[in-house]
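These notes concern the structure reproduced below.
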Number of protein chains: 2
Amino acid sequence: MKEGTLNSPSNLCSSEADYDVLQWDVREGCEVRQILDRIADKWSLLVIALLEKRTLRFTQLRNSIEGISQRMLTTTLRNLERDGIIERTVYPVVPPRVEYALSPLGCTLHETIRALVGWTESNQAEILAARARYDAKAASERW
Amino acid sequence: MKEGTLNSPSNLCSSEADYDVLQWDVREGCEVRQILDRIADKWSLLVIALLEKRTLRFTQLRNSIEGISQRMLTTTLRNLERDGIIERTVYPVVPPRVEYALSPLGCTLHETIRALVGWTESNQAEILAARARYDAKAASERW
DNA sequence: CTGGATCCCATAGGATACTG
DNA sequence: CAGTATCCTATGGGATCCAG
């Protein structure tokens, strides 16, 4: 699968190069895509957001993120730890105590995430309005 | 589903409030979460990135994003259009011609996305190193 | 060319029970 | 408390065929 998609020199419909458009993320073999998928998954953003303020324990995180299962919390924490975004500290005491904190790398990420969330907050009314408009128009055209 | 998780006044395990930690995204009933999920899905970011530069037609998008199926491209475009991120223009000509462009709202989003992608690019080496460290340590502990 | 309609599968992710 | 192990379902998303 990959016939004459982009590599045929004689492009038939367009004389200007269509493929110098892509710059960063579309490139295969670059890890940006998979890293983005990782931090943009269902729970990672929330965990990072919560850990900005302070170090938290497993149960505190679970209680703070309503709707997360312990399985997904564990998975999310492992992935973030593996990527060096958060740091996991185990205290060898009888009721086990494990604390999670944002790493320095995670702190820099948080800045960026905050901007994205800020955009979403600022524009959610407009998005909701756009959806309502779209749905109303679609409904009126169907009947 | 939603027993006495956060709303019981007499919290049994913690005397300090655990739940004033969360501020923006964890709140249920707020649309930030679902909007984030939308723009952070597998393809939306790529489409937005491509449309920054110029208006593109359906086939151009499909060719530019290697690996996307026409089904997912259609779905992604519809969702983005519904949210007011992109604008869809149909030219009533015999081979149908449909062009997609970033809306003003979409342009502002693009700024933010660029920051996130920039972070990923700048730190991917560090993340890869962290992963290698983690995997090596995990492997050595298991044997 | 630009999709819509189906079919089908892989994976994400929830529920539950068990362990150190 | 902080997980691990299983099971099972829902959804994302690919392949294919059809239509305006």
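So you know, we letter chains A, B, ... as the sequences are listed, proteins then strands, and number each from 1.
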Would you mind classifying the nucleic acid contact of R57(B) as base, sugar-phosphate or nothing, using non-hydrogen atoms under 4.0 angstrom?
sugar-phosphate
I need the [atom1]-[atom2] distance between [X] and [N], as an integer number of Å.
X: L56(B); N: dC1(C); atom1: CG; atom2: C1'; value: 15 Å
X: N79(A); N: dA12(C); atom1: CG; atom2: C1'; value: 12 Å
X: I65(B); N: dG14(D); atom1: CD1; atom2: P; value: 11 Å
X: E66(A); N: dG13(C); atom1: CD; atom2: C1'; value: 17 Å
X: D41(B); N: dG12(D); atom1: CG; atom2: P; value: 10 Å
X: I86(A); N: dA2(D); atom1: CD1; atom2: P; value: 13 Å
X: F58(B); N: dA19(D); atom1: CZ; atom2: P; value: 18 Å

Among all residues two or more places apart in sequence or in another chain, which pass the side-chain contact (heavy atoms from CB on, under 4.5 Å) test with [X]?
X: E87(B); value: S103(B), P104(B)
X: R133(B); value: A129(B), A130(B)
X: E111(A); value: none

For [N], take OP1 and OP2 only and decide whether either is under 4.0 Å from a side-chain N or O of [X].
X: K42(A); N: dG14(C); answer: yes
X: R78(B); N: dG4(C); answer: yes
X: R88(B); N: dG3(C); answer: yes

Partner set under salt bridge (Lys or Arg N to Asp or Glu O under 4.0 Å) for R97(A), not counting sequence neighbours
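Here the qualifying residues are E99(A).
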In residues 68-77 of chain B, which ones come under 4.0 Å of DNA chain D, going by heavy atoms?
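Residues of residues 68-77 of chain B under 4.0 Å from DNA chain D: S69(B), Q70(B), R71(B), M72(B).
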Give the residues of residues 89-102 of chain B touching DNA chain C, defined as any heavy atom closer than 4.0 Å, sorted by residue number.
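The answer is P96(B), V98(B), Y100(B).
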Distance-only polar pair, side chains of N79(B) and T76(B), donor-acceptor under 3.5 Å
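Not at all, the side chains of N79(B) and T76(B) share no donor-acceptor pair under 3.5 Å.
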Compare all side-chain heavy atoms of L80(A) with those of R82(A) and state whether any distance is below 4.5 angstrom.
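L80(A) vs R82(A): side chains apart.
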For L50(A), is there any backbone N or O sitting under 3.5 Å from a side-chain donor or acceptor partner on S64(A)?
no
